[in-house]
Structure formats: C-alpha cells, structure tokens
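Below, all heavy atoms of this structure are taken into account, side chains as well, without hydrogens, waters or symmetry copies. Since this is a predicted model, take the numbers as computed values, not measurements.
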Number of protein chains: 2
Amino acid sequence: MTMKAKPDDCCLPPAPARRLKPEQELARLAKAMGHPARVRIVQLLLRREGCMCGDIVDQLPLAQSTVSQHLKVLKEAGIIVGQTEGPKICYCVRREALRRLEELLSELA
Amino acid sequence: MTMKAKPDDCCLPPAPARRLKPEQELARLAKAMGHPARVRIVQLLLRREGCMCGDIVDQLPLAQSTVSQHLKVLKEAGIIVGQTEGPKICYCVRREALRRLEELLSELA
DNA sequence: GACGTTTATCGTAACATGACGATGAAAGCC
DNA sequence: GGCTTTCATCGTCATGTTACGATAAACGTC
C-alpha cells in the first residue's frame with residue numbers, strides 16, 4: 001500500500017533517465033520544455049512564487065489534475081524535483097538541468 | 001550522392017517572425033527540438049554532412065516521407081530554412097534560432 | 001514532351017498528449 | 001477516529017504526433 005522507505009532528502013537524484021546519447025538527452029529535456037504551461041511552471045518555480053502544486057494551480061488557467069500531470073512530465077525529465085513537506089510537496093527547479101539543456105544546444109554545432 | 005556541398009549562401013531568408021510571448025516562443029522552439037530524429041537532423045545540417053533531404057534520409061533509419069515531415073516541423077518553428085536549388089532543396093540551420101532558444105532558457109530564471 | 005531526380009503531400013494506422021472531473025492516498029490536526 | 005488539506009492517479013475523450021507506403025509536384029536534361 002504505502003511506500004516502504006522514504007529517504008527524506010529532496011534534491012538528490014536527477015531522473016531515471018541516464019546514459020542517454022546526447023541527441024536523446026537533448027530531445028528529452030527539450031520535449032519537457034515544449035509546452036507553454038510547463039514553461040510557465042518552471043518560471044513560477046524559479047521566481048519562487050510559491051512552490052506547491054496549489055500555488056501553481058492558482059496562477060494557471062488549468063485544473064489541478066492537469067497541473068499535476070505537467071509536474072510529472074517535468075519531474076520525469078529531471079527538470080524539477082519535489083520535496084515532501086507534510087501533506088504538501090515543495091517543487092523546485094534543478095537549474096543544472098536547464099544549464100545542461102543550454103550546454104547541449106551550444107554543443108550541437 | 002552528388003554532394004555538391006555548396007551551401008555558402010543558403011541561409012538568407014529570415015524565419016516567419018512571430019510575436020509570441022516568451023514562454024510560447026520558448027515552448028515552440030523546444031518542442032521542435034523535442035524529438036531525437038530532429039536533433040539528429042539539426043546536427044547533420046550544422047556539420048554540413050549534406051544538406052538535402054536525401055542526404056538525411058541516407059543517414060537516418062527513417063523513410064523519406066518521415067524525414068520530410070520532420071523537416072517541415074523544424075521549418076515551421078524557424079529552426080531551419082530551405083533554399084530551392086533546382087529540383088532539390090538545400091536546408092540549413094538558422095543558428096540564430098538555436099541561440100534564441102539558449103537565450104530564452106537563460107532568461108528563465 | 002518524356003524521363004529521372006528530388007521533395008512534398010496524402011491517406012492511414014498506432015500511439016502519445018492534454019484536458020477534465022472524480023476518486024484515492026498521505027500527512028497533520030481536532 | 002474523523003476531518004481537512006494537498007497532491008496523485010484513474011477513466012475518459014478529443015486531438016496531435018509519428019511512422020509508413022503511395023502518389024503527386026517541381027525542376028533540369030534530353
């Protein structure tokens with residue numbers, strides 16, 4: 001039913017995605033940023049205008065379930081991580097992931 | 001095959017400049033780069049390993065019609081432009097579009 | 001005009017995405 | 001225990017994406 005162990009650390013592991021060829025890594029990151037709502041979410045999190053799902057829902061014209069799905073996409077791409085804080089979850093951006101995307105783009109040529 | 005490889009002035013026309021909000025512009029560019037095949041295409045074009053659709057088809061495990069569709073996506077996002085050269089079309093990357101994407105990413109924070 | 005070359009488009013099928021409301025699960029508080 | 005808050009997940013529907021083969025369009029050459 002419930003999760004067995006829960007290491008109470010937040011910003012450890014990037015994502016399940018590892019050891020990808022550069023073009024796959026780039027595509028994966030770019031795809032996650034390839035929706036306006038997700039770009040807005042990343043913006044909001046970076047600007048620290050709240051970090052919970054509910055905060056984001058308040059600032060986007062989307063249902064809570066939809067926002068949650070977008071958060072999942074960003075999480076699976078390693079762009080954000082979520083730290084459980086009681087009943088709520090504080091999301092934050094892994095700036096290194098964004099920098100990695102920039103790096104991959106600049107290395108393209 | 002022919003490999004004329006003379007794309008010295010194939011990057012003339014600017015893209016369909018659109019007035020998008022930054023998050024939309026970012027999402028649009030990122031989405032276009034959000035597929036491994038399209039990343040490979042951009043790589044190939046940047047490295048000047050041929051510039052025609054046929055050249056790309058030879059280097060990807062995809063049908064010609066599929067490659068053509070990917071080229072269309074990249075073109076509509078303003079990432080590449082195609083210059084007609086007789087019966088063939090020489091595609092090349094608008095490096096400014098990639099730089100723009102980098103810029104938008106770095107401005108996110 | 002007929003031919004070969006190159007690319008785009010059409011039609012189609014399988015699958016993925018984005019959106020919603022409703023429900024479920026986890027944590028803290030009374 | 002019961003309640004509230006917060007978020008994830010489920011079911012569903014509409015739409016978009018990706019892939020293919022087949023066909024059409026544009027161009028230069030003969």
Closest nucleotide among C:dA19, D:dT18, D:dG16 to the A:Leu62 side chain: C:dA19
Do any side-chain nitrogens or oxygens of A:Lys88 fall under 4.0 Å of OP1 or OP2 in C:dG28? no
Testing C:dG18, D:dC20, C:dG21 for proximity to the side chain of A:Gln69, the answer is C:dG18
Rounded to whole angstroms, how far apart are CD on A:Gln83 and P on C:dA26? 19 Å
With respect to the side chain of A:Ser65, which nucleotide from D:dT6, D:dT17, C:dA22 is positioned closest? C:dA22
Closest listed nucleotide, where the reference is the side chain of B:His35 and the choices are C:dG18, D:dG16, D:dT18: D:dT18
Select one nucleotide: of C:dT9, D:dG28, C:dG18, the one nearest the side-chain heavy atoms of B:Pro87. D:dG28
With a cut-off of less than 4.0 Å, is there a side-chain N or O of A:Lys31 near OP1 or OP2 of C:dA16? no
Side chains of A:Ile79 and A:Val73, heavy atoms from C-beta outward: is any pair under 4.5 Å? no
With side-chain contact (heavy atoms from CB on, under 4.5 Å) as the test, would you mind laying out the steps for B:Met33 and A:Leu101 before giving the verdict? CA-CA 11 Å; B:Met33 296 299 289; A:Leu101 178 50; over 6 Å; no
How do B:Cys53 and A:Gln64 order along DNA chain C: which one's closest nucleotide is nearer the 5' end? B:Cys53
Heavy-atom pair of closest approach, residues B:Leu62 and B:Ala37: CD1-CB, 3.8 Å
Per the side-chain contact (heavy atoms from CB on, under 4.5 Å) rule, which among B:Val81, B:Ile80, B:Leu45 passes with B:Cys92? B:Val81
Please pick, from D:dC7, D:dC27, C:dA19, the nucleotide with the shortest atom-to-atom distance to any side-chain atom of A:Ile89. D:dC7
Of B:Val42, B:Leu105, B:Val39, the residue whose pairing with A:Leu105 passes side-chain contact (heavy atoms from CB on, under 4.5 Å): B:Leu105
Report the distance from atom CG of B:Leu74 to atom C1' of C:dT7, rounded to the nearest whole Å. 16 Å
To the nearest angstrom, how far is B:Glu76 atom CD from D:dT18 atom C1'? 15 Å
Once you round it to whole Å, what is the distance between P of D:dA19 and CZ of B:Arg40? 14 Å
Identify which nucleotide among D:dT17, D:dT9, C:dG21 has an atom closest to any side-chain atom of A:Ser68, counting heavy atoms from C-beta outward. D:dT9
Testing D:dT6, D:dT17, C:dA19 for proximity to the side chain of A:Thr66, the answer is C:dA19
5'-most contact on DNA chain C (nearest-nucleotide basis), A:Glu85 vs B:Lys72, goes to B:Lys72
Euclidean distance, atom NZ of residue B:Lys75 to atom P of C:dT7 [Å, nearest integer]: 11 Å
In whole angstrom, what separates B:Leu71's CG from D:dA19's C1'? 15 Å
To the nearest angstrom, the CZ-P distance between B:Arg28 and D:dT17 comes to 11 Å
So does A:His70 get a side-chain nitrogen or oxygen closer than 4.0 Å to the phosphate oxygens (OP1/OP2) of C:dA19? yes
